[in-house]
Amino acid sequence: LKEEAASSIESVSTLEQLKDLRVRYLGKKGELTAILRGMKDVSPEERPVIGSLANEIRSFLEQEIAAKEDQLEREALEDRLREEKLDVTLPGKPYPVGSIHPLNAVIEQVEDIFIGMGFEVAEGPEVETDSYNFEALNIPKDHPARDMQDSFYITPEILLRTHTSPVQVRSMEAKEGRVPVKIICPGKVYRRDDDDATHSHQFTQVEGLVVDRGIAMSELHGILATFAEKLFGMKLETRLRPSFFPFTEPSVEMDISCVQCGGDGCRMCKNSGWIEILGAGMVHPRVLEGAGYDSERYTGFAFGMGPDRIALLKYGIDDIRHFYTNDLRFLRQFQSV
Ligand code: FA5
């Protein structure tokens, strides 16, 4: 039995098989256990001899099994180490890296420039009431200026805001008559415009508003000229042209000398040398009064620009729709922006 067991132990190759062998020889119903149980039938003289022999075999088998178990475990560990070997010199898998959208890049630059000049960034809702979007901005129901901004209405009183100007009124109301008010507000706006290379039905604007004592048109021009030079990173000419907005009086549009051709004429500026980048003006007294500011004591200026068109100009992009179609080939060109 001893020899047979020893050679079986020698020949097993898995821990599973070894466990079966242990049960077969040493288990409750095992062969050696059966011999030890049978001792009661053996004559008293033979009992000590057979008993000690059986015990000797048992401890021998226990040792053999333990030794084999050690060996098998070591081998299994070595196999695993061999299989799971990691080659740290292999080249890694390339991981796709995203980049900031050119439109967001421009909005962030605009924010940084104005924050640097002491402005705070305000926010307002994209779903707006007719009264904030129009009435509080001196655009009554039957005013022809409503046609300037064809709107998406949700109910007769609620619409998607057509410009960021309602945030002027909301910001003044939040300040409850205190000065200075000095905010910009970037955000999405919506108009029922037909999409083409320079028009989108959803686009972005950045509004600006300053209200304090003694604010004049010269402050407006100074701040906006400084802003334009910082944004395009070069010396620029700027000019203010008379314009009309119901919520500012007087109203202007600001042109910059074309950054693409340096003022000599190109496709971007239609050979005029000038490009319009924003609308602005002195806040209309009626808008100040409506938001709780005494228009005899305080004056202010406001402006509104379209970062989409500024981004077209800054990066020489030919179609505004590129910003919204998410073609990776287009977006990848701005990884260093
Ligand atoms: C306004 O929306 C005024 N609220 C701006 C303003 C604010 C004037 C404060 C005075 C004081 P306007 O409709 O011109 O103005 O739009 C401003 C800018 O938005 C334009 O210069 C243009 O850059 C951009 N814009 C207008 N319509 C579109 C469009 N469909 N797609 C992309 N950009 C547009």
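Just follow the structure's listing: the first ligand is 1, and inside any ligand the first atom is 1.
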Going by side-chain contact (heavy atoms from CB on, under 4.5 Å), name the residues that satisfy it together with Val179, two or more places apart in sequence or in a different chain. Val211, Asp212, Tyr293, Tyr298

Identify, chain by chain and in numerical order, each protein residue with a heavy atom under 4.0 Å from an atom of ligand 1. Gln149, His163, Ser165, Gln168, Arg191, Asp193, Thr198, His199, Ser200, Phe203, Gln205, Glu207, Phe245, Phe247, Thr248, Glu276, Gly279, Ala280, Ala302, Phe303, Gly304, Gly306, Arg309, Ile320

Run the salt-bridge test on Arg82 and Glu75 with the 4.0 Å N-O cut-off and return the result as yes or no. no

Which residue pairs pass the side-chain hydrogen bond (donor to acceptor under 3.5 Å, both in side chains) test with at least one member in residues 230-243, sequence neighbours excluded? His221-Thr238, Glu229-Lys235, Arg239-Asp255, Arg241-Glu253, Arg241-Asp255

Taking the hydrophobic residues Ile, Leu, Val, Met, Phe, Trp and Tyr, and joining any pair whose side-chain heavy atoms are under 4.5 Å apart, which ones share a cluster with Ile158? Val127, Phe152, Ile154, Leu160, Tyr190

Lys2 to Phe60 six-membered ring, cation-pi geometry met (6.0 Å, 45°): yes

Glu207/Arg161 ion pair, N-O < 4.0 Å: no

